[in-house]
Amino acid sequence: MAAYPEVRTAEEFRKQPEEYQAAVKKILVSHAINELYGAQVFDEPAIKFAPTPYAKWLTCRVAMEEYHHHVRFKGLADEVGVPAEHMDTRNKKPLSIFEFPLKSWEEFCVIKLLADLAEILQVEDLLHCSYLPLRNVARTTMPEEKFHAQFGHDFCTELIKTPEGKARVQDAIDRYFPYLPHFFGAANSRNNELYRKFSLKQRRNDEMRADYLNRVKDLLDGLGLNMPALPQAA
Ligand SMILES: [Fe+2]
Ligand SMILES: [Fe+2]
């Protein structure tokens, strides 16, 4: 597929075909809403589960950054005229990954380990996207998403030092992991086809999902944890 020319500013954006504008807006809305959902249902509530002042401080930092990601993506969407109510979690059904009811510190650490890795893959594609303001936001966001995934890795490493802790982490993985493969979207998604046509994303949903599953396998192998069997039709 030939690369779509770079679109450098919101002014240039307004001169693009309607289909291009709609595709960019969809990506902006999905990131703005997902960052906000994540912050509301996981990161902010996790502050009370964090077991030490140090863990609370780092969790506050994660929550602050996730809210900031929402603010950044929403800022881009505002600039191109997306109505604010399209990015309000009160008006939009959450993705299934946000329906997991967070009840423990172990679960939060597993969510950071696995869900933030999924987010890293999404942001990886945006690092090369044709809409430069979005590419720049992806560049600023990436090191923070890497910090979140590392946060999950570091605290899971700490937790699995005892057999009880390891059992709790594995149990959280077994319950949360099945939500994740769907995060990458349908195999024959029309949106994904448009995103690739306009050089907004590089990979097909299935390619991204396969890459993700390989990375999760390596990550869990490295920690001595098991990757649960894949849900059907993932
Ligand atoms: Fe984020
Ligand atoms: Fe994150």
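Counting starts at 1 for both ligands and their atoms, following the listed order. Side chains included, hydrogens not; waters and symmetry mates left out as well; all remaining heavy atoms used. Along the sequence shown, residues are numbered consecutively beginning with 1.
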- Give the name of the N/O/S atom in E66 that lies closest to the Fe ion (ligand 1).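 It is OE1 of E66.
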- Task: Check the angle between the aromatic planes of F42 and F98 and answer parallel, tilted or perpendicular using the 30° and 60° thresholds.
- Result: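 Tilted, since the angle between the ring planes falls between 30° and 60°.
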- Task: Hey, can you tell me if F155 and Y54 have their rings parallel, tilted or perpendicular (30° and 60° cut-offs)?
- Result: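 Judged by the thresholds at 30° and 60°, the geometry between F155 and Y54 is tilted.
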- Message: Please give the atom name: the N, O or S atom of H148 nearest to the Fe ion (ligand 2).
- Response: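 The closest N, O or S atom of H148 to the Fe ion (ligand 2) is ND1.
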- Write the atom name of the N, O or S atom in D116 that is nearest the Fe ion (ligand 2).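 Atom name returned: OD2.
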- Task: Output yes when E65 and K112 qualify as a salt bridge under the 4.0 Å nitrogen-oxygen rule, no when they do not.
- Result: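 Not counted as a salt bridge, because no side-chain N and carboxylate O are separated by less than 4.0 Å.
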- Task: Determine, for F151 and R61, whether the Lys NZ or Arg CZ falls below 6.0 Å from the six-membered ring centre while staying within 45 degrees of the axis.
- Result: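 No.
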- Query: Does any N, O or S atom of E145, backbone or side chain, fall under 2.8 Å from the Fe ion (ligand 1)?
  - Reply: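 It does: E145 brings an N, O or S atom closer than 2.8 Å to the Fe ion (ligand 1).
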- Geometry at the Fe ion (ligand 1) - E35 OE2 versus H69 ND1 angle, rounded to 10 degrees: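 Answer comes to 90°, rounded to 10°.
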- Query: With a cut-off of 6.0 Å (strictly less than), are more than 12 heavy atoms of other residues, nucleotides or ligands near CZ of R14?
  - Reply: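 Counting other residues, nucleotides and ligands, CZ of R14 exceeds 12 neighbours.
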